[in-house]
Amino acid sequence: MSLDLIVLDDAEAAARRAGELLAEAAHDGGHIALSGGKSPELAHETAARLQPDWGRVELWWGDERCVPADDERSNYAMAKRTLLERVEVQPAAVHRIRGELSPGAAAADYDEALRGVRLRINVLGIGPDGHTASLFPNAPGLHEHERLAIAAEATLEPFVPRVTMTPPMLANADCVLFLVTGEQKADAARRAFEEPPNDETPSSRIRSRDGQTIVVLDAPAASLLARSI
């Protein structure tokens with residue numbers, strides 16, 4: 001499974017490039033999955049500016065913290081602030097993970113909703129430990145083959161229960177797009193994108209099953225990659 005690596009000078013340039021790719025996907029329409037954390041914020045803002053009409057999009061999330069929708073830790077809340085409140089035409093559907101429910105109930109609800117969904121683009125990040133979505137190192141969910149969403153425990157802050165797409169769902173995308181910035185993620189990026197897939201680095205196991213996998217990095221995050229361009 002090949003990777004397309006794009007290395008840009010700094011985090012701002014990397015986020016803007018990811019935003020351009022996200023805007024292109026929104027223009028085409030279909031199912032789009034977003035990620036959380038700080039890294040995608042500028043990408044969302046860029047995508048909203050370049051493509052203000054999201055009326056042909058159904059929006060999903062790769063994972064969510066089990067907190068209310070208006071909690072500052074919520075991935076949905078971040079996307080609402082950086083994307084949904086900035087577009088002129090709202091998505092046809094917004095499939096929020098119901099973090100206010102128990103993790104098991106929220107995961108079961110999302111698993112059912114995801115049946116039959118093929119993602120146009122799945123935007124992901126990686127953590128310094130190599131996790132992606134809420135699949136953390138050596139988590140049992142890395143070998144889940146039946147369910148499309150499961151409850152998960154966090155091993156990094158914020159230490160709240162999570163709901164995450166499983167590897168089969170994360171890979172079920174025309175394009176899997178990783179956005180990786182910061183020197184603190186350089187070793188994780190090396191392990192994720194240059195070493196064989198392994199449970200110690202969950203992001204190394206996530207690639208588009210039959211589409212394209214693109215990795216957009218800033219120079220610090222790419223500093224340990226032998227094949228960075």
Side-chain angles (χ1 to χ4, degrees), residues 11-12 14-101 103 106-107 109-110 113-114 117 119-127 131-135 148-149 152 154 156-158 160-165 169-170 172-181 206 214 216:
E12 180 176 334
R16 291 192 187 281
R17 180 65 183 120
E20 292 168 359
L21 295 169
L22 183 55
E24 291 173 8
H27 177 270
D28 293 342
H31 298 274
I32 290 178
L34 302 179
S35 60
K38 292 290 186 182
S39 297
E41 291 186 358
L42 181 56
H44 291 177
E45 294 169 6
T46 300
R49 176 175 54 82
L50 294 176
Q51 179 57 39
D53 183 351
W54 283 57
R56 298 175 60 232
V57 169
E58 293 197 29
L59 205 56
W60 304 81
W61 277 261
D63 72 319
E64 181 58 279
R65 290 87 178 260
C66 289
V67 296
D70 58 356
D71 190 290
E72 64 180 8
R73 297 168 294 179
S74 165
N75 291 342
Y76 166 78
M78 184 274 280
K80 181 181 179 183
R81 173 174 51 84
T82 59
L83 178 68
L84 294 174
E85 292 180 353
R86 296 170 183 264
V87 299
E88 296 175 6
V89 180
Q90 290 294 304
V94 176
H95 301 278
R96 180 177 68 84
I97 298 174
R98 298 169 67 193
E100 67 274 17
L101 302 179
D109 179 72
Y110 218 54
L114 285 165
V117 170
L119 298 172
R120 168 67 181 83
I121 191 169
N122 181 17
V123 183
L124 294 170
I126 68 172
H131 84 271
T132 193
S134 283
L135 293 172
L148 302 181
L156 288 176
E157 291 185 349
V160 294
R162 314 287 183 96
V163 172
T164 185
M165 289 183 181
M169 188 65 223
L170 292 169
N172 187 22
D174 296 338
C175 176
V176 169
L177 171 62
F178 284 97
L179 172 61
V180 190
T181 60
I206 307 303
I214 301 174
V216 180

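Numbers here simply count residues along the sequence, with the first being 1.
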Note, Val216 side chain near Leu21 side chain (heavy atom, < 4.5 Å): yes
Check ion pair Asp71-Arg65 (N to O, under 4.0 angstrom): no
Note, Ile214 side chain near Cys175 side chain (heavy atom, < 4.5 Å): yes
Point-to-point distance, once rounded to the nearest 0.5 Å, from CG of Leu135 to CZ of Arg162: 11.0 Å
Reported NE2-to-CH2 distance for the pair His95 and Trp61, which is rounded to 0.5 angstrom: 9.5 Å
Ionic contact status for Arg81 with Glu41, cut-off 4.0 Å: yes
Shortest non-hydrogen separation from Ser35 to Gly125 and the atoms involved: OG-N, 4.2 Å
Closest non-hydrogen atom pair, Val176 against Leu170: CG2-O, 3.6 Å
Side-chain heavy atoms of Asn75 within contact of Asp63, under 4.5 Å: yes
From CA spacing to verdict: side-chain contact (heavy atoms from CB on, under 4.5 Å), Tyr110, Ile97: CA-CA 6 Å; Tyr110 218 54; Ile97 298 174; 3.2 Å; yes
Intermediate values then yes/no, side-chain contact (heavy atoms from CB on, under 4.5 Å), Arg49 and Arg86: CA-CA 8 Å; Arg49 176 175 54 82; Arg86 296 170 183 264; over 6 Å; no
Shortest non-hydrogen contact between Pro103 and Val163, atoms and distance: O-CG2, 3.7 Å
Phe178 and Ile206, any side-chain heavy atoms less than 4.5 Å apart: yes
side-chain contact (heavy atoms from CB on, under 4.5 Å) assessment of Leu124 paired with Ile126: CA-CA 7 Å; Leu124 294 170; Ile126 68 172; over 6 Å; no
Contact check, side chains of Leu84 and Gln90, non-hydrogen atoms, under 4.5 Å: yes
Min side-chain heavy-atom separation Val87-Asp53 under 4.5 Å: no
4.5 Å side-chain heavy-atom contact, Leu148 and Met165: no
Straight-line distance of His31 NE2 to Arg56 CZ, nearest 0.5 Å: 12.0 Å
Minimum heavy-atom distance between Leu83 and Ala48, given as atom pair plus value: CD1-CB, 3.9 Å
Side chain Asn172, main chain Leu119, donor-acceptor under 3.5 Å: no
SB check Glu12 Arg16 (cutoff 4.0 Å): yes
Between CG on residue Leu114 and CH2 on residue Trp60, distance to nearest 0.5 Å: 4.5 Å
Within-4.5 Å side-chain heavy-atom neighbours: Val123 and Leu22: yes
Over all atoms of both residues, closest heavy-atom pair of Ala133 and Thr164: CB-OG1, 3.4 Å
Atom of Ser39, atom of Leu179 and distance for their closest heavy-atom approach: O-CD2, 3.5 Å
CD-CG distance between Glu45 and Leu50, expressed to the nearest 0.5 angstrom: 12.0 Å
Ser74 side chain to Asp70 backbone, donor-acceptor under 3.5 Å: no
Passing option when Met78 is tested against Arg73, Lys38, His44 for side chain to side chain contact (heavy atoms under 4.5 Å, CB included): His44
Nearest-0.5 Å distance that lies between atom CG in Leu34 and atom CD in Glu64: 11.0 Å
